[in-house]
Colleague: 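Take this structure, written in C-alpha cells, and hold onto it; I'll ask about it next.
Protein chains get the first letters and strands the later ones, always in sequence-line order, with residue 1 at the start of each.
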Number of protein chains: 2
Amino acid sequence: MSPAPIKKPSRIQMRNRGLILDAALDVFSMHGYRGATLDQIAEQAGISKPNILYYFDGKEAIHVTLLNQLIETWLDPLAALDPAGDPVAELLDYVQRKLDMARDLPRESRLFAGEILQGAPRIGPHLETGLKPLFDEKCAVIQTWVDAGRLAPVDPQHLIFSIWATTQHYADFGSQVAVLLARGEDPHVRASNHLAAMFRAFLAPAR
Amino acid sequence: MSPAPIKKPSRIQMRNRGLILDAALDVFSMHGYRGATLDQIAEQAGISKPNILYYFDGKEAIHVTLLNQLIETWLDPLAALDPAGDPVAELLDYVQRKLDMARDLPRESRLFAGEILQGAPRIGPHLETGLKPLFDEKCAVIQTWVDAGRLAPVDPQHLIFSIWATTQHYADFGSQVAVLLARGEDPHVRASNHLAAMFRAFLAPAR
DNA sequence: TCGTAGCTTTACCAAATGGTAAAAATTCGC
DNA sequence: GCGAATTTTTACCATTTGGTAAAGCTACGA
C-alpha cells in the first residue's frame, strides 16, 4: 500500500538517459537490434559502456524503452483522424502527417520497421493492446463514411495499410529511393503531390 | 589466357549448396544479417558449420549469393512491363504479380527489405547497375503513356514506389498485418481487390 | 567542510561467434 | 576393388560482446 520510494531522476540522469537513448536510436535504426552493440552506443553517446549499464538494465531494456516511447508518437496521427471532419480531407491530412513523419523521424520509422520485419519479438504485445484497438476504431469510422456515401467504397483495413506502406516507404527504403532518384532534388514535395493525387482519386465518392 | 579449370559442381555440391542457401534464407530473413548465426544456418540445413564453410567462403558470401540470386527474380515482373500493351492493364498486372510475389516469396521480400533498411551495405552497387537502368527505362515508358493521354498524369517514379510499397507491405510487415486482421481469413484476396481498385482509380485517364 | 549518495571508471569475465587445421570418412572414375 | 579426389568431422582458436565487481570520483545537503 505504501508508495514505492520512487526517486525523481536527477538532472544528470535526465541528461544521460537522453544521450543514451538518442545514440541507441541511431545505432539500432542503422544496424538492427542484433547488429547494434553496446560499444557502438557507448561511443556514439560519449558515455562508457559500464556507465550505460548503470542507467539501463541491459541492451534489451534500451531497445524496449525506445519502442515504448516511439509507439505513442507513432499512433498520434491515426488517433487524430476526426470522425466529424470531412472524410477525404481527414484521410489526405493523415497521409500528409505520416509522410512528414517519415521525413522528420526516419530513425524511428526504421526502428519500428526492423522490429516488425523480424516478427515483432519485443513489441508484439503492444501491437495487440495499443495499436489494434485504435486500428479497429478508425476502420469503423472509415466504414461509417463509406456507408454514408461520403467516400468511395474502400476496404478500410487495406486502405490504412496502403497509407502506412506508401508513406513509410520513403524512410524505410530511403537508401533505395536515393539511388533511384539520384538528382539532388528533395523527393518530399514530389512524393507529397503524388500521394495526395493518388489517394484523392481513390477516395473521392462517385458523383 | 588458358581457361580457368572450372569444375562442374558435383551432385553433392548442388544438393548441399541448395540446402545451405535455403536454410540461410530462412535465418537471414528472420533475424537479419547480423542477427543470423552460422550455427543457426547449420542446424537448419542439417549440415555442420565447418562443412558449410567448405561450400561457402564465409557468412557474407552466403548472404551475397542469396541477394544476387534474388535480384533477378525481383526485377522480373518490372521487366515484363510491356510498352506495347494497354497501359492500365499492364500496370495492374504488375501490381498483381508483385502482390503474388509477396505472398509466395515472403522470405525473399524480407531479406531484401532488411538489406535496404540498413542502407544496402552489401547490395548498393547492384542497385545502381541492375535496378536503376531498368527503373529509368520503365519510368520512361510510363511517361510515354502519360504523354499520349493513355494514363492519368501520374509521376512515374513515385507511382512505382507506391506499387512496391503497397505490395511488399504484406510480406515485410506481415506480422503486423496478421495481428491487425486477426481473423483466420487469408488477406490476399482482399488485398488484391483493394490494390486493383486503388490503382485503377488512380491510373485511368480522364475521359 | 564533511559525509553520504550518486555517478564513473578500471579491470575483468563467460559465452557466443566466425573461422581454421587437419585427420577421418566417403565417393567416384577407372 | 583401388587409389585419388572430394566431402565431413573433430578439435580447436581469436575476437567480439553483453555484462559485472569493486574501487574511485563527484556533487550536494547539512
Side-chain angles (χ1 to χ4, degrees), chain A residues 4-67 111 114-115 118 121-122, chain B residues 4-67 111 114-115 118 121-122:
Chain A
I6 298 173
K7 305 275 184 166
K8 68 173 74 173
S10 71
R11 223 155 295 137
I12 291 178
Q13 256 176 25
M14 295 288 281
R15 181 178 58 91
N16 283 353
R17 286 181 69 95
L19 286 174
I20 292 167
L21 287 175
D22 190 68
L25 182 55
D26 268 8
V27 178
F28 279 132
S29 68
M30 189 140 38
H31 302 290
Y33 178 74
R34 277 291 305 273
T37 70
L38 285 179
D39 292 279
Q40 282 175 297
I41 296 172
E43 191 189 8
Q44 181 85 9
I47 295 175
S48 73
K49 181 169 68 174
N51 203 7
I52 282 182
L53 292 167
Y54 171 76
Y55 288 103
F56 289 91
D57 282 343
K59 184 183 178 181
E60 184 160 346
I62 301 176
H63 196 250
V64 169
T65 300
L66 280 174
L67 250 16
L111 183 77
E115 174 70 9
Q118 302 192 356
R122 277 169 288 276
Chain B
I6 300 175
K7 305 275 183 164
K8 67 172 74 173
S10 72
R11 224 156 295 139
I12 291 178
Q13 257 175 26
M14 295 287 280
R15 181 178 57 91
N16 283 354
R17 286 181 69 95
L19 285 174
I20 292 166
L21 287 175
D22 190 68
L25 182 54
D26 268 7
V27 178
F28 279 132
S29 68
M30 190 141 36
H31 304 289
Y33 178 74
R34 279 290 305 273
T37 72
L38 286 179
D39 291 279
Q40 283 175 297
I41 296 172
E43 191 189 7
Q44 182 85 9
I47 295 175
S48 73
K49 180 168 68 175
N51 202 7
I52 282 182
L53 292 167
Y54 170 77
Y55 288 102
F56 289 92
D57 281 343
K59 184 183 178 181
E60 184 159 347
I62 301 175
H63 195 250
V64 169
T65 301
L66 280 175
L67 250 17
L111 183 77
E115 175 71 7
Q118 302 193 355
R122 278 169 288 274

Colleague: Would you indicate, yes or no, if D:dT7 has its OP1 or OP2 atom less than 4.0 angstrom from a side-chain nitrogen or oxygen of B:R15?
Modeller: no
Colleague: Over how many whole Å does the gap from B:I20 atom CD1 to D:dT7 atom C1' extend?
Modeller: 12 Å
Colleague: Please list, by residue number, the residues of residues 44-57 of chain A whose heavy atoms come closer than 4.0 Å to an atom of DNA chain D; answer none if no residue qualifies.
Modeller: A:K49, A:P50, A:L53
Colleague: If the plane angle is over 60° it's perpendicular, under 30° parallel, otherwise tilted; pick one for A:H63 and A:F28.
Modeller: perpendicular
Colleague: Under 4.0 Å: is that the gap between some side-chain N or O of B:R17 and OP1 or OP2 of D:dT7?
Modeller: no
Colleague: Identify the two heavy atoms, one from A:T37 and one from A:V27, that lie closest to each other, and give their separation to 0.1 Å.
Modeller: N-CG1, 4.3 Å
Colleague: Round to a whole Å and report the spacing from CG of B:L19 to P of D:dT8.
Modeller: 10 Å
Colleague: Rounded to the nearest angstrom, tell me the gap between atom CG in A:L38 and atom P in C:dC13.
Modeller: 20 Å
Colleague: Could you check how far NE2 of B:H63 sits from P of C:dG19, rounded to whole Å?
Modeller: 13 Å
Colleague: Testing the basics here: between B:H31 and A:Q118, what is the closest heavy-atom pair and its distance to 0.1 Å?
Modeller: O-NE2, 3.2 Å
Colleague: Can you check the B:F28 CZ to C:dT17 P distance for me, whole Å?
Modeller: 13 Å
Colleague: Without decimals, in angstroms, what is the distance between B:D39 CG and D:dC12 P?
Modeller: 18 Å
Colleague: Can you name the closest pair of heavy atoms from A:G35 and A:Q40 and give their distance?
Modeller: O-OE1, 3.5 Å
Colleague: In whole angstrom, give the distance that lies between atom NZ of B:K59 and atom C1' of D:dT16.
Modeller: 12 Å
Colleague: Can you measure B:R34 atom CZ to C:dT17 atom P for me and round it to whole angstrom units?
Modeller: 10 Å
Colleague: Testing the basics here: between B:G58 and B:L53, what is the closest heavy-atom pair and its distance to 0.1 Å?
Modeller: CA-CD2, 3.8 Å
Colleague: Measuring from A:I52:CD1 to A:R17:CZ, what's the distance to the nearest 0.5 Å?
Modeller: 12.0 Å
Colleague: Have a look at B:A36 and say if it touches a base, only the backbone sugar-phosphate, or nothing, with a 4.0 Å heavy-atom cut-off.
Modeller: sugar-phosphate
Colleague: Nearest of D:dG19, C:dG18, C:dT8 to any side-chain atom of A:N16?
Modeller: C:dT8
Colleague: Looking only at heavy atoms, what is the nearest atom pair of B:Q44 and B:A23, with distance?
Modeller: CG-CB, 3.5 Å
